[in-house]
Amino acid sequence: MIDLKKHTSQILVHLLFWMLFVFVSLFIFSRYYWAENPFLQYLSILGVIVYVNHFVLLPFFVKRKWYKWYGLVFIAISFFATQLYCNVFAQCGCSIMKCLSDYLWQTLVPLIFFSFIWMLFRFLDEQSQKEYMIQQHEKMELKFLKSQINPHVLFNNLNTIYSYSIEKPNETPELILMLSDNLKHVLYESNAQFVDLNKELQFLDNYIKFQKIRTEGVKHIKYTTNVKSDYIKIGPLLLITIIENAFKHSTLHSTIFIQITEEENTLICTCINDFEHNNTDDNHSKIGFKNLKKRLDLLYPNKHQLQIEKTDQFKVILTLDLS
């Protein structure tokens, strides 16, 4: 319903502008009769220029933030379109400067107006999306935290600490501190919409250390990280869904491959594990990835790619544009 109202309002704005613009051009500033008016012939070409700018050029240059290049293209289009009108349709035979002073406005006015309209509706869409993201974040926050604080995982970590307190008491304090840091991250720090990537990676480091201890001699873990940017932020608890799934569904005596790389604000998380092909009890996995996709759509619209391949191995690749 909201999209219908938005599109209807856009169409009305376009129609009203063209009606007013044609009226002004024909009845106020034009000295030609209707039958021989070159503006009517030029109008169709002007419409093509305006809507190519509206649907192609503006989205292309603004998405890449090439504002200077767009300015140059805008000036070039205005100049050559005006010369086309003067020399082909009006055939005024005037100089370049005279042509620009008399007819540039007929090309420039609709281009500027519809560029402004495009940017206005884009701004309103972004504001609406931000409000929607805030609302959805508040609704999903409790549900998401409950899904991430898995009691089974917590009990396993506590059992690991208990075993170490008997066998390796000197290393127990470090494990308790790691568990404390992870609980703090999940319960408090992850309430923000974005957190420091370094803190998120520390949370994953601690989680994987516990898993290495638990699965020692049963599973082999290859875990590497390579982050080159400082002071970069990421949506909290996104990567843990992928990694937790690999540990839960990987087979015994197999290798779990986890790689997290970041360069120029692009993060890639790759996770590969063997799995039981005849295991049909994967509802938890489906729910986890479903929730992950929802959060990615909210936090990184058009700035993420989630690939899930289930062949001989289960492979997940998440690419995030963190800029």
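We're numbering straight along the sequence, starting at 1.
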Residues 119-127, side-chain donor-acceptor partners within the protein, below 3.5 Å, at least two apart:
unit_1 : atom_1 : unit_2 : atom_2 : d
R122   : NH1    : E126   : OE2    : 3.3
D125   : OD2    : K6     : NZ     : 3.4

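In this structure, L237 and E200 have side chains that are in contact, with non-hydrogen atoms separated by less than 4.5 Å. Using a 4.5 Å heavy-atom cutoff, the side chains of F74 and L58 are not in contact. H220 is not listed as a side-chain neighbour of S250, based on a closest heavy-atom distance of 4.5 Å or more. Residues I256 and Y223 form no side-chain contact, since every pair of their non-hydrogen atoms from C-beta on lies 4.5 Å or further apart. A heavy-atom distance below 4.5 Å is not found between the side chains of I258 and L204. The side-chain heavy atoms of L179 and F210, taken from C-beta on, include a pair separated by under 4.5 Å.
Atom OH of Y231 is surrounded by 12 or fewer heavy atoms from other residues, nucleotides or ligands within 6.0 Å. Heavy-atom contacts from other residues, nucleotides or ligands closer than 6.0 Å to NZ of K303 number more than 12. Enclosure of atom NZ in K315 is not indicated, since only 12 or fewer non-hydrogen atoms of other residues, nucleotides or ligands lie within 6.0 angstrom.
For W66 and F60, the gap between ring centers is short of 6.0 Å. A distance below 6.0 Å separates the ring centres of F114 and W18.
By the 30° and 60° cut-offs, the orientation of the rings of Y70 relative to F61 is tilted. Taking the six-membered ring for Trp and thresholds of 30 and 60 degrees, F55 and Y51 have nearly parallel ring planes, at less than 30 degrees apart.
For the residue pair N198 and Q202, no side-chain donor N or O sits within less than 3.5 Å of a side-chain acceptor on the partner.
Residues K219 and T251 come closest through the heavy atom pair CE-O, 3.7 Å.
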